[in-house]
Amino acid sequence: MKRLGYGLAAAFLLIPVGSHLATGSTDSAPPASARPPKAELAPRAAAVRVHPTEPPWAPVGWGPPVLAENFEGDRIDLSRWAVYHDPQGTHPRTRKAVSVRNGVLRLTGGVYGGEHLSGGVAAHYAQTFGRFQARMRVERGAGYSAVMLLWPTRQGDPEWAEINFAEIPDPLRGTTGLFVHHGKDDKTSSRSIDGDFTQWHVFTLEWLPDRVTFFIDGKAVWEHTGGNIPQKADMHLALQNDIVCYSKDQCRGEGAPEQVTMYVDWVRIHPMSS
């Protein structure tokens, strides 16, 4: 799918960022205008296991957390997070789909005011390079994709960039995609990882100038060292339960659940150590 040219707004509401297909070839650079869903899968890693319930661990070699979010209280902290509201957007979203309860962020796709809408949030804080981590799971259901990604404040200024460390349009939640995008021509590198993502897992992204490493439950599942690693963009962490229809099996249809929720337990963001 063509990357959307939307940026983050430094306000309570967020102009929604784009996402892309859940499958794709590795290190490809197709024109942005030629991005239909692809049948072939990206290289696939071994399945991951369910991660036990435990608090986030302190990483070695990184600075102290600049964002440590446990989603306490009964509403999201707007001093830390921008909430999407764009019911007419490519991925239509409403602030009503975002809630916090029992220490968990909930992004619930469903019918709001007669329209199928979902929700998302993005951290106000942005940085270049660093470690990004979240504990997440998502319910089964066609027509929705749980996505955790980095998106710049202004796409294309100073560079075009996007990194996705979870993207799960698979209705059964048996596969997640990992993606690195760079450049106006959207050169893309990707991997597909098997697992049961209806269960809790800890997803971690380590973004350095010479490599991007993806972890699930503390295990490195992909280290990317290609030439398309973003170098200059200041990136925000975005959490999205996107409405999608990338293929017939992924589209919402008869028998789909009335609601599909993405759950996020906690978030940690660490800068590079000085």
Side-chain angles (χ1 to χ4, degrees), residues 19 22 42-71 80-81 103-105 107 120-123 125-138 145-151 161-168 173 175-181 189-226 229-230 233-241 262-273:
S19 78
R44 188 176 297 276
V48 298
R49 297 181 178 179
V50 176
H51 191 274
T53 301
E54 62 181 39
W57 53 87
V60 177
W62 296 89
V66 290
L67 178 62
E69 177 64 83
N70 295 318
F71 298 110
R80 293 181 168 190
W81 300 93
V104 175
L105 171 68
L107 306 176
V121 301
Y125 175 80
Q127 67 182 26
T128 304
F129 308 122
R131 188 177 196 265
F132 303 80
Q133 187 175 48
R135 186 170 185 257
M136 183 269 286
R137 71 179 183 91
V138 61
S145 176
V147 187
M148 299 197 296
L149 71 152
L150 304 186
W151 186 267
E162 178 183 352
I163 304 175
N164 302 63
F165 61 109
E167 183 160 345
I168 314 173
R173 312 308 182 202
T175 302
T176 185
L178 311 174
F179 298 85
V180 179
H181 296 268
S189 301
S190 64
R191 289 292 186 277
S192 293
I193 309 297
D194 292 335
D196 180 359
F197 298 107
T198 66
Q199 303 297 312
W200 288 108
H201 293 281
V202 175
F203 298 81
T204 305
L205 169 69
E206 294 184 354
W207 170 31
L208 293 169
D210 61 344
R211 66 184 182 275
V212 180
T213 308
F214 300 79
F215 300 81
I216 299 180
D217 301 333
K219 178 182 177 181
V221 295
W222 180 34
E223 181 175 86
H224 172 64
T225 57
I229 296 173
D234 56 334
M235 303 279 257
H236 301 255
L237 172 63
L239 310 171
Q240 304 171 186
N241 187 17
M262 170 184 172
Y263 302 87
V264 183
D265 185 12
W266 50 258
V267 167
R268 296 292 185 272
I269 299 178
H270 296 261
M272 288 179 60
S273 182

Self-check item: Heavy-atom closest pair, residues Ala146 and Asn241
Solution: N-OD1, 4.1 Å

Quiz item: Is Arg137 close enough and on-axis enough to Tyr263, meaning under 6.0 Å and within 45°, for cation-pi?
Solution: yes

Practice problem: Sequence neighbours left out, what passes side chain to side chain contact (heavy atoms under 4.5 Å, CB included) with Arg211? Give chain and number order. | Solution: Leu208, Thr213, Glu223, Thr225

Quiz item: Would you call Trp207 and Val180 a side-chain contact if the rule is heavy atoms closer than 4.5 Å?
Solution: no

Quiz item: In Å and rounded to the nearest 0.5 Å, what is the NE2 to CZ distance from His270 to Arg131?
Solution: 6.0 Å

Practice problem: Hey, could you give me the CZ/CE distance between Phe132 and Met235, rounded to the nearest 0.5 Å? | Solution: 7.5 Å

Exercise. For residues Pro271 and Pro64, report the shortest heavy-atom separation together with the two atoms involved.
Key: CD-O, 3.2 Å

Exercise. Say whether, by atom type as modelled, one donor and one acceptor occur between the side chain of Thr198 and the main chain of Val138 under 3.5 angstrom.
Key: no

Quiz item: Below 4.5 Å, heavy atoms only, C-beta onward: do Asp210 and Ile229 meet side chain to side chain?
Solution: no

Quiz prompt | Heavy-atom pair of closest approach, residues Gly130 and Met272 | solution = N-CG, 4.1 Å

Quiz item: Can any side-chain N or O of Gln127 pair as donor or acceptor with the backbone N or O of Phe129 at less than 3.5 Å?
Solution: yes

Quiz item: Could you give the distance from CH2 (Trp81) to CG (Leu239), rounded to the nearest 0.5 Å?
Solution: 4.5 Å

Quiz prompt | 4.5 Å side-chain heavy-atom contact, Asn70 and Trp266 | solution = yes

Quiz item: Is Asn164 reaching over with its side chain to a backbone N or O of Leu178, donor-acceptor style, under 3.5 angstrom?
Solution: no

Quiz item: Can you tell me if Arg173 uses its side chain to pair, donor with acceptor, with the backbone of Ile168 under 3.5 Å?
Solution: yes

Quiz item: Once you round to the nearest 0.5 Å, how far does CG of Leu67 lie from OH of Tyr125?
Solution: 9.0 Å

Quiz prompt | Expected output: side-chain Trp62 to main-chain Glu206 donor-acceptor under 3.5 Å | solution = no

Quiz item: Quick one: does Ser192's side chain have a donor or acceptor within less than 3.5 Å of a partner on Gly177's backbone?
Solution: no

Quiz prompt | Nearest-0.5 Å distance that lies between atom CG in Leu149 and atom CG in Leu237 | solution = 7.5 Å

Quiz item: How about Phe165 and Gln133: do any of their side-chain heavy atoms sit closer than 4.5 Å?
Solution: no

Self-check item: Between OG1 on residue Thr175 and CG on residue Asp194, distance to nearest 0.5 Å
Solution: 4.5 Å

Quiz item: Which heavy atom of Arg80 sits nearest a heavy atom of Ala68, and at what distance?
Solution: NH1-O, 3.0 Å

Quiz item: For Arg135, which of Asp265, Thr204, Asp217 qualifies under side chain to side chain donor-acceptor pair (under 3.5 Å)?
Solution: Asp265

Exercise. With the side chain counted from C-beta on, respond yes when Val202 and Phe215 share a heavy-atom pair under 4.5 Å apart, and no when they do not.
Key: no

Practice problem: State whether the side chain of His236 and the backbone N or O of Trp151 hold a donor-acceptor pair below 3.5 Å, judged by distance alone. | Solution: no

Exercise. Classify the angle between the aromatic ring planes of Phe203 and His201 as parallel (below 30°), tilted (30 to 60°) or perpendicular (above 60°).
Key: perpendicular

Quiz item: Taking all non-hydrogen atoms of both residues, which atom of Met262 and which atom of Val147 are closest, and how far apart?
Solution: CE-O, 3.7 Å

Practice problem: Kindly indicate whether the side chain of Val221, heavy atoms from C-beta on, has any atom under 4.5 Å from the side chain of Arg191. | Solution: no

